[in-house]
Amino acid sequence: MNVEELCYLSAGQLGQRIQSRELSPVEIVKAHLERIQSLEPRLNSFITLLSDPALAAAKEAEKEVQSNRYRGPLHGVPLGLKDLYYTRGIRTTSGTRVLEDVIPDFDGTVTSKLKEAGTILLGKLNLHPLAYGPTGENPDYGDMHNPWNTERITGGSSGGCGSAAASGQCTLTMGTDTGGSVRIPASLCGLVGLKPTYGRVSRYGLTTLAWSQDHCGPMVRTVEDGALVLNGIAGLDPYDPTSADVPVPDYSKALTGDIRGVRVGVPKEYFEVPIDLQVKEAVLKAIERLGELGAVVSEVSWPLFHDCMPIASTIQMSEAAACHSQLIREHGRRLWSPVRLRLEAGFFILATDFLQAQRARTLFCRQSLDLLRDIDLLAGPTLPVTAFRIGTSKITLGGKEVGVIALLTQYTRPFNLNGFPAITVPCGFSEEGLPIGLQLAGRPFDEETVLRAAYAYEQSTDWHLRRPPI
Amino acid sequence: MTKQICSSIARAKGLDRDPIHLEELHRYLESVLPGLKRVEELEFTDLEPTLPPRSREEGQR
């Protein structure tokens with residue numbers, strides 16, 4: 001097996017071969033480090049590469065496997081963490097030079113759980129500065145580049161996760177998602193990106209952007225890998241008071257491939273906003289496929305979908321400004337201007353405006369729950385476009401000029417506002433060969449149904465088997 | 001949001017009041033804040049602020 005083939009094995013496939021000792025974690029990590037070295041000049045996925053520590057960890061994992069101390073399906077599997085997950089003794093920059101000297105003295109909960117599961121950390125992945133942007137551009141550490149076309153954005157903010165997972169530099173990556181930052185780069189890079197229910201995964205030990213909308217989630221190449229990661233990271237955490245005391249099932253058991261009778265609703269409002277026609281066509285075909293697989297598909301109405309942006313943005317901007325108030329005051333001039341302005345704008349939102357938005361959020365959540373009383377899943381596009389050129393700030397779509405932030409978050413943000421689980425899976429490619437994503441979202445803490453439907457769709461197509469021409 | 005109000009709030013919040021930066025910030029606020037006003041038009045009488053559901057049961061209430 002050559003380096004590329006090895007690097008494109010999924011965690012599920014690697015796990016079997018590691019357990020059977022057909023493959024050693026050492027050769028797996030060496031192959032990934034070789035791939036990283038060869039592709040990094042074009043992709044810029046990493047801020048910090050941990051070659052030596054990764055090889056040392058791989059040797060340790062090899063010894064453990066050989067002495068029958070196999071930890072489970074993630075043992076020996078290469079991992080990249082978005083560089084805002086705290087890693088003990090390893091710098092955690094949050095994508096900005098202002099924080100380049102931050103070296104945490106503890107591992108965050110997700111970091112430590114994945115370490116305990118036996119994953120091998122290859123490095124800390126590049127991101128939009130402070131996770132506050134959806135394009136994956138970064139003037140401090142360099143822009144991330146999409147492996148499907150290196151002149152195009154990866155999306156963000158978890159852009160390095162997108163480029164690393166899609167190109168085979170990492171098997172598993174962990175991003176974070178406050179307005180779409182897992183699902184946006186996952187969709188643009190042809191990956192599976194899962195944003196679990198708010199509270200399903202601990203947020204302890206990562207750089208916060210907005211407390212009530214931040215989520216941790218995997219960006220991987222298969223739904224099965226997403227389920228395996230979620231198994232490893234979900235659960236109540238005494239260090240995170242917002243983590244939920246809800247039992248963690250074995251999410252991989254949900255991957256039956258059977259979605260007969262699953263009720264799928266497609267909000268009509270999804271197609272009342274700007275959307276590229278190729279994306280629309282691909283997504284509608286994917287939804288039709290769900291019907292062919294036995295799901296019961298119907299059109300639904302979600303009136304408050306159109307009001308999500310002002311509600312979510314008022315809350316996000318206020319929380320982000322409060323969270324980073326000291327940083328802005330002391331180091332504002334060193335922050336990249338687009339991020340700096342977004343942060344400072346939060347100071348101009350009145351407390352009463354914030355509270356009204358929180359009341360509107362109650363309304364939004366109630367309407368979302370009502371919607372999911374008669375259906376099991378919502379289906380639609382993850383994004384209205386495919387990856388555009390790096391440096392683009394506005395796009396003309398349907399005859400209307402739209403800012404890229406609003407455009408890239410129009411379908412993802414509702415599920416940060418209501419906290420419901422949402423996943424993106426590849427559902428096609430544009431004429432230019434750029435990936436298109438299908439988003440499925442479900443009831444709170446019903447990741448099983450979300451994963452089950454995503455898996456059934458994925459296995460009925462070969463989109464997830466395609467590789468970028470890099 | 002006049003430039004004067006923008007400058008006053010920036011001073012009160014300890015933000016950088018470099019004139020060029022304030023000019024840029026004011027323009028940004030003018031482009032972003034009006035879009036948030038839509039929240040005021042929604043009807044949420046008797047509703048209290050809340051966070052997302054914390055359990056399956058709460059989520060199904």
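Chain identifiers are assigned alphabetically (A, B, ...) following the order of the sequence lines, protein sequences preceding nucleic acid strands; residue numbering begins at 1 within each chain. Predicted model, so just to flag it, every value in this text is computed and none were measured.
In this structure, chain B has heavy atoms under 4.5 Å from both the backbone and the side chain of A:R342. Both the backbone and the side chain of A:I311 come within contact range of chain B, judged by heavy atoms closer than 4.5 Å. If you measure heavy-atom distances from B:L47 to chain A, the contacts under 4.5 Å come from both the backbone and the side chain. Contacts of B:S8 with chain A are absent, with no heavy-atom separation under 4.5 Å from either backbone or side chain. In this structure, chain B has a heavy atom under 4.5 Å from the side chain of A:S337, while its backbone stays farther away. Within the 4.5 angstrom heavy-atom criterion, atoms from both the backbone and the side chain of B:L25 approach chain A.
Residues satisfying the side chain to side chain donor-acceptor pair (under 3.5 Å) criterion with B:E40, sequence neighbours excluded, are absent altogether. The side chain to side chain donor-acceptor pair (under 3.5 Å) search around A:D307 returns B:R38, not counting sequence neighbours. The side chain to side chain donor-acceptor pair (under 3.5 Å) check on A:T314 picks up nothing, with sequence neighbours excluded.
Here A:L341 is the residue among A:L341, A:L304, A:I315 with the most heavy-atom pairs under 4.5 Å with chain B.
When ring centroids are compared, A:W302 and A:Y411 stay outside the 6.0 Å threshold.
Of the N and O atoms on the side chains of B:Q4 and B:T2, not one donor lies less than 3.5 Å from an acceptor on the other residue. A:E344 and B:H21 form a side-chain donor-acceptor contact under 3.5 Å, judged by distance and modelled atom types alone.
Listed in order of number, the residues of residues 348-355 of chain A that approach chain B to under 4.5 Å between heavy atoms are A:F348, A:I349, A:D353, A:L355.
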